[in-house]
2 protein chains.
Amino acid sequence: MGERTAGALSALNLCFSEDFEVTLYRGGMVDKALEWGGGSVETEGAQYRKLAANMRREIEAGEFGNNGRLPSEESLAEQYGVSRGTVRNALALLRANGLVTSRRGTRRVVLGTARTQSFQELLSFTAWARAQGEEPGARTMHSRVRPATVAEREVLQLAAGDEVTEVLRLRLLGRVPVMLERTVYPSRIGAVIERLAADNLSHTEVLDASGVVFADSEHTIDVVAANQTDAQMLGCVEGVGLLREIRRATDPAGVPLLWSEDRFLPGTVSFAVHNSASVSSLARRRGIR
Amino acid sequence: MGERTAGALSALNLCFSEDFEVTLYRGGMVDKALEWGGGSVETEGAQYRKLAANMRREIEAGEFGNNGRLPSEESLAEQYGVSRGTVRNALALLRANGLVTSRRGTRRVVLGTARTQSFQELLSFTAWARAQGEEPGARTMHSRVRPATVAEREVLQLAAGDEVTEVLRLRLLGRVPVMLERTVYPSRIGAVIERLAADNLSHTEVLDASGVVFADSEHTIDVVAANQTDAQMLGCVEGVGLLREIRRATDPAGVPLLWSEDRFLPGTVSFAVHNSASVSSLARRRGIR
DNA sequence: GAGTGGTCTAGACCACTCT
DNA sequence: GAGTGGTCTAGACCACTCA
């Protein structure tokens, strides 16, 4: 995983998969032939994922032009030496990322080069910031273990008497505070978090390394007025409108892993969602627009 | 389309499909056997969609319990008399809506009864409001045809000299203003819009009826301070933080249909996104939380 | 009417989980 | 080691689009 070609002006391309592949590539003449024409480099994983990554590269290299047409599924299958089913799996991935259309009766149309962010990036502020080429920062302001409230027991599926770890953390982009994060972990997860340094960049990555698997997450986005704490920590005026994101993540078995309320300074991030008749994808963006 | 069973306490269930099926059902003993056990009622469409709708009903009826396990794909295939591929198509739909998990090696787990809203509801304020049981309102404050700006030509893929129709519209929920909408249509679409009454509830539905097909949309969400116009129209204080949603919709061929900037009063709506390793879905919600 | 994507089938093998 | 979901194949028919 993580093939890369040397070259200036490399762009970041995050594929859409569980074991999120990060693929660095450059703008110019891409080495696509390597993988498919010649000796099929390692790049383990499902064939359709590789196919999708490959086609994504072709699309972004303008192989079919913007608003151009893709070859038919049949011919793609022949070209790549796979069955039509595999081609369809790959195209479904691209479709989900908003790169191509799909309509019965006509060839698929290239929509553009939506740079969809990985699942990981939605959970991890640090992973996201790095992908943007920004320097992420974090400072834990407060952390303690206490009994779960009724709401928390409900959301985190805890029993009466269970404890949680609450963490208040300031997040920065290049030394500038942009977000205040209030997270509640079940004690099992919290035990891992409590051992970390106050400036640990990514709790998500630590948990990942500890074998915690994030599989699903729920995000709610709205506006909230800054309270006194927000204003103090973020350095803004009390009452100003902050972009709020409430996150809830579960493991593959549906067990809740965390519940968090994040408040962003206005103008620092935006959320982008691609939506189609069958699927959607969410991405966090830097700044407005 | 639109089967329904009589009965109190009916809940709204919106299936995830292009020709969005709206399925009303009640909480109690559901008539699931009708469709699969007996004579397979009409309910046209793909089998896997029907299967998904059916399983969704079972899940929401608590057939497998919350956090329960689904039967294996094999046994589902046998039970419903379809191939495993069809079962997998159906389960992919449920997965996309965040109703079930999926992990190699173990049975699928019921996550809950996420009430995913249809694609249509994301585009149409009116459709969304109705689904919430609220009374939608609209008043066009301003409308005119003018040459497209450079930005608009870019976004709407217009040629130099092309014109657009700009519309400023106030949106209400039960007589209370909640959102101010600034939309720009290519003149081809705008021509339809201009003929409408100022209190026409749903431009989207009109366009739909005119044969305009919405296939994909892009949504960007952030916060913006209310300007003088916003404050006046929405009846809020200038400078207050508004939830902003920028929408861009295209037809199945990727041709842009509209570009809109919507500003919501704080506390009136929130956006909910379900995100998983492979897919996501977006929904608009009433109020905070 | 030819071409295309949508749907469906019947099988196969594998990676993974759990007991 | 048995069971499960993930992946892949090779075919088939249909609904739809477009020349």
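So you know, we letter chains A, B, ... as the sequences are listed, proteins then strands, and number each from 1.
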> Which one, D/dG5, D/dC8, C/dG6, comes nearest to the side chain of A/Ser83?
D/dC8
> Rounding to an integer number of Å, can you tell me how far B/Gln47 CD sits from C/dT9 C1'?
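Distance, rounded to whole Å: 11 Å.
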> Looking at D/dG5, D/dT7, C/dT4, which one has an atom nearest to any side-chain atom of A/Ser72?
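Shortest atom-to-atom distance from the side chain points to C/dT4.
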> A/Asn89 has an atom CG; how far is it from atom P of C/dG5, in whole Å?
15 Å
> Take the protein atom CG of A/Leu70 and the nucleotide atom C1' of C/dT4, then report the distance between them rounded to whole Å.
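Value for this atom pair: 13 Å.
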> Could you walk me through whether A/Thr165 and A/Glu194 pass the side chain to side chain donor-acceptor pair (under 3.5 Å) test, one step at a time?
CA-CA 8 Å; A/Thr165 303; A/Glu194 284 156 44; 2.7 Å; yes
> In this structure, how many angstroms lie between the C1' atom of C/dC16 and the CZ atom of B/Arg108, rounded?
14 Å
> So that I can tick it off, tell me whether A/Arg247 and A/Glu218 are bridged by a salt bridge, with the cut-off set at under 4.0 angstrom between side-chain N and carboxylate O.
no
> Compare every heavy atom of A/Arg153 with every heavy atom of A/Ala148, then report the nearest pair and how far apart it is.
CB-CG, 3.7 Å
> Check this for me, if you would: do A/Arg103 and B/Asp251 make a salt bridge, where the nitrogen-to-carboxylate-oxygen distance has to be below 4.0 angstrom?
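Here A/Arg103 does not pair with B/Asp251 in a salt bridge, since their nearest N and O are not under 4.0 Å apart.
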> How many whole angstroms separate atom CD of A/Glu78 from atom C1' of D/dA10?
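Distance check: A/Glu78 CD to D/dA10 C1' gives 14 Å.
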> What's the CG-P distance between A/Leu51 and D/dT9, to the nearest Å?
10 Å
> One thing to verify: whether B/Glu205 and B/Arg130 come together as a salt bridge, which I'm taking to mean a side-chain N less than 4.0 angstrom from a carboxylate O.
yes
> Under a 3.5 Å cutoff, is there a donor and acceptor pairing between the side chains of A/Arg108 and A/Thr101?
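The answer is no; no qualifying pair exists.
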> Examine C/dT17: is either OP1 or OP2 under 4.0 Å from a nitrogen or oxygen in the side chain of B/Thr106? Give yes or no.
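So the side chain of B/Thr106 is outside the cut-off, no N or O lying under 4.0 Å from OP1 or OP2 of C/dT17.
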> Using the rule side chain to side chain contact (heavy atoms under 4.5 Å, CB included), only one of A/Val164, A/Thr183, A/Leu156 pairs with A/Trp259; which is it?
A/Leu156
> Which pairs, protein N/O on one side and nucleotides 12-14 of chain C N/O on the other, fall under 3.5 Å?
{"residue": "C/dA12", "atom": "N6", "partner": "B/Arg84", "partner atom": "NH1", "Å": "3.2"}

> A/Gly85 or B/Arg107: which one's nearest nucleotide on DNA chain D is closer to the 5' end?
B/Arg107
> If the cut-off is 4.0 Å, is A/Ser102 near the phosphate of C/dG6, judged by side-chain N/O to OP1 or OP2?
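Yes.
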> Once you apply the 3.5 Å cut-off to both distances, tell me the Watson-Crick or G-U wobble partner of C/dC8, or none.
D/dG11
> Starting at CG of B/Leu76 and ending at P of D/dG3, how long is that distance when rounded to a whole Å?
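Spelled out: CG on B/Leu76 to P on D/dG3 is 17 Å.
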> Using purine N1 to pyrimidine N3 plus N6-O4 or O6-N4 for Watson-Crick, or N1-O2 and O6-N3 for G-U wobble, both under 3.5 Å, which nucleotide pairs with C/dC16?
D/dG3
> Any idea which of C/dC18, D/dC18, C/dT9 is nearest the B/Arg103 side chain?
C/dC18
> Categorize B/Arg88 for me: base, sugar-phosphate, or nothing, with a 4.0 angstrom heavy-atom threshold over every strand shown.
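Base: the residue B/Arg88, judged by heavy atoms under 4.0 Å, touches a nucleobase.
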> Rounded to the nearest angstrom, tell me the gap between atom CG in A/Leu91 and atom C1' in C/dT4.
12 Å
